[in-house]
Amino acid sequence: MDINKSEIKENPESIKTAAECESAEAEKGGGDAEYITEKEAYTLKELFKRNLQSYKEKEPSVSDQEWLAKMFHREIPDITEEEAQTDSEEIVEAIHTFDENLTSVNKASEQGVSKESWLADRIQDASVGMAVQEYGARLQALDDVLYTKNMELRDALTVTADGHVRVNQNPNLDGLLAEQMVAKTTELSGFARGQNIRVDVLNSHAANSVDVRAWNLDTGRYQNYQLKFGKDAKATIALIEGGDYANQRIIVPSEQLSEVQEYFKSKGSQKTITDHIEIAGAKGKSFTKSDLKQLQETAQEEGVLPELDYSHYQTRDLAMSIGKNAGVMALQAAAVSTGLNVAAKLMRGESVDSDELVEIAITTGADTSLKTVTAGTLQVAIRKGIIRFIPKATPAGVIANIACVGIENVKILMKIASGEISPTKGLDQMGRVTVSMTCGLWGMVKGAALGASLAALIPVVGIPIAVVTGFVGGMVGYFCGSKVGEKIYSAGKKVASVAKNVGKAAVNTLKKVGSKVASGVKSLGRLVFG
């Protein structure tokens, strides 16, 4: 089918998603969502074609940033000089950062380091000097579990009687709080790390009874804990010696830990003395006696209830959470073949000669020029409303990352089409591409106003990125020649088929962990009411 301007109606019927995407969207109630129309796709292709020719004709002395700024002035009449300079600088910098990240994650993968762990390390490195609160606040995906935990703590500390909320005035409330805080911060750690755990506060008052039980729900094994929070180390030691806590690990205030451990070691005791809960890789926070007394006093005297916030995560857990979610996003994005379908429909039947610049970029890896043209084209298309489902205010650096993902993914599809790698191996490499993008986006958010930057990113992630990168990759593939484009399209469908099943399993795992966390926090309600 040869598509030209005369054949595109003013109000074209939207090209619906591929079967995989339609199914996923139907589950969300979004099956009728419009992504990219034939008119938009055609206009974007022609714009890319024009910019590609312009780039090839530029003088070697003209830098990519200079070319982008001139192109923006040509294509976007109302753009200011400052906007053109800023956007072109952001694009060039974002492409450079993306390429550095991709090289790094590929090297790490060759050495046996998972892409999720690589991303966690990079995020931690990039976040040095940041307050934990600021760092954690970026993890929007964890908001739900924090909300759940805070509701539980509220229920644990208050009771509604005759319409009035009151706080337990028990003088030993700090001890009860200790049980809750060490348990719930462990569950937060488990959630962030994707571990299938549960930590129960047993609320038993029998002699020598277990205070907290931590479960590894994958193995069915558990560990019992006894909490002893005396006013000082001597008092805590006396509390421990006054009971029989066989098969229980003892948790003590963090500032007393060394002295208590040394005492029992000198006695030849085999007791395990610690200041936190640790199970299946999840690690809760430790607290001082003063920490808990302060929470008690604040609640009882000022009526301010303690809250679990982002500072209660271990920073490594926070970073791993981002990495795991990025990995799952990569799988789901690969399953969305909408953009690839649009590109194939647009280009099929059209005789396309191989473009040397595109072919070299796709086959040799020298692709900075192609990424620059693609990113600039997308930026113009979004600013002018040619692509309508991505907000015009989306930062240029974000657009550049989308372009980079599209180009890298088509390079991977070329390898699959040629038989160099399998679809499964290609899917893994696409995952590295996505975490490279995620790392770059994290850096941009870190350097910007938190609220504004997150607001700009949220509408773009997920299906919008998947659709645009799919279309970009499919379109660019056809610029290597019609036959090559068809092979890339076929390879993309194979990858989507694999990704659909793998991605679904990954999402189910995330849901499973999340639901276990939610179900494990219902034991707080009767704890501190007096």
Side-chain angles (χ1 to χ4, degrees), residues 142 144-146 148-153 155-156 174-229 236 239-254 256-257 260-261 264 269-287 292 308 312-314 316-317 320-321 324 508-528:
L142 298 180
D144 287 345
V145 72
L146 287 174
T148 301
K149 297 295 181 184
N150 283 321
M151 290 305 97
E152 286 189 332
L153 278 175
D155 291 343
D174 61 318
L176 301 176
L177 282 171
E179 297 174 2
Q180 302 298 325
M181 298 300 284
V182 297
K184 298 316 161 190
T185 56
T186 307
E187 286 190 327
L188 287 177
S189 172
F191 178 81
R193 296 176 63 87
Q195 299 295 337
N196 192 18
I197 68 167
R198 189 180 78 232
V199 185
D200 297 328
V201 177
L202 301 182
N203 296 318
S204 174
H205 303 293
N208 304 319
S209 60
V210 174
D211 288 333
V212 177
R213 179 168 292 156
W215 290 86
N216 181 333
L217 296 173
D218 286 329
T219 64
R221 301 187 68 176
Y222 62 84
Q223 176 61 53
N224 291 329
Y225 288 88
Q226 179 71 212
L227 277 73
K228 294 302 179 187
F229 272 59
T236 297
L239 289 172
I240 296 172
E241 289 187 319
D244 178 12
Y245 305 116
N247 300 318
Q248 296 188 49
R249 294 182 180 179
I250 312 296
I251 296 177
V252 301
S254 57
Q256 301 176 17
L257 179 62
V260 176
Q261 285 179 330
F264 283 102
S269 171
Q270 299 299 311
K271 293 181 186 295
T272 298
I273 313 291
T274 182
D275 61 357
H276 64 276
I277 294 174
E278 189 165 358
I279 184 166
K283 182 179 179 180
K285 285 199 69 175
S286 59
F287 295 89
L292 277 305
L308 290 177
H312 292 108
Y313 283 97
Q314 303 293 329
R316 176 69 181 178
D317 292 343
M320 283 298 293
S321 176
K324 289 178 182 295
N508 286 340
T509 297
L510 289 181
K511 288 181 178 178
K512 180 181 179 182
V513 172
S515 66
K516 293 297 183 183
V517 170
S519 66
V521 296
K522 296 179 179 178
S523 59
L524 308 179
R526 298 180 300 276
L527 205 162
V528 291

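Predicted model, so just to flag it, every value in this text is computed and none were measured.
- Distance check, rounded to the nearest 0.5 Å: CD1 of I250 to CG of L239 gives 10.5 Å.
- The distance from atom CG of N216 to atom CD of Q195, rounded to the nearest 0.5 Å, is 7.5 Å.
- Scanning both residues, E278 and R249, for their nearest heavy atoms gives O-NH1, 4.4 Å.
- Closest approach of A282 and T186 over heavy atoms only: CB-O, 3.9 Å.
- R213 is linked by a side chain to side chain contact (heavy atoms under 4.5 Å, CB included) to L202, V210, W215, Y222, N224, counting only residues two or more places apart in sequence or in another chain.
- A distance of 3.5 Å separates OG1 in T236 from CD in Q256, rounded to the nearest 0.5 Å.
- Side-chain atoms of S189 do not come within 3.5 Å of backbone N or O of T185 as any donor-acceptor pair.
- What you find for A183 and V201 is that their closest heavy atoms are CB-CG2, 3.7 Å.
- Two residues are said to be in side-chain contact when any heavy atoms from C-beta on lie closer than 4.5 Å; V212 and I251 fail this criterion.
- Side-chain contact of N208 with D244: a donor-acceptor pair under 3.5 Å is absent, judged by distance alone.
- Counting only distance, with no hydrogens or angles, the side chain of Q248 and the backbone of Q223 share no donor-acceptor pair below 3.5 Å.
- For the pair A280 and I197, the tightest heavy-atom approach, listed with the atom from each and the gap, is CB-CG2, 3.9 Å.
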Run E187 and R198 through side chain to side chain contact (heavy atoms under 4.5 Å, CB included) and show every step you take.
CA-CA 6 Å; E187 286 190 327; R198 189 180 78 232; 3.7 Å; yes

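- A 4.5 Å side-chain heavy-atom check between H276 and K283 finds at least one atom pair inside the cut-off.
- Between I277 and A214, the shortest heavy-atom contact is CG2-CB, 3.9 Å.
- Between the CG atom of D275 and the CD1 atom of I273 there is a distance of 11.0 Å, given to the nearest 0.5 Å.
- With a 4.5 Å cut-off on side-chain heavy atoms, V182 and Y225 do not count as touching.
- Using a 4.5 Å heavy-atom threshold, the side chains of F264 and E241 count as touching.
- Smallest separation of non-hydrogen atoms from V199 and K184: O-NZ, 3.4 Å.
- Here the straight-line distance linking atom CG of D211 with atom CG of D200 works out to 12.5 Å at 0.5 Å rounding.
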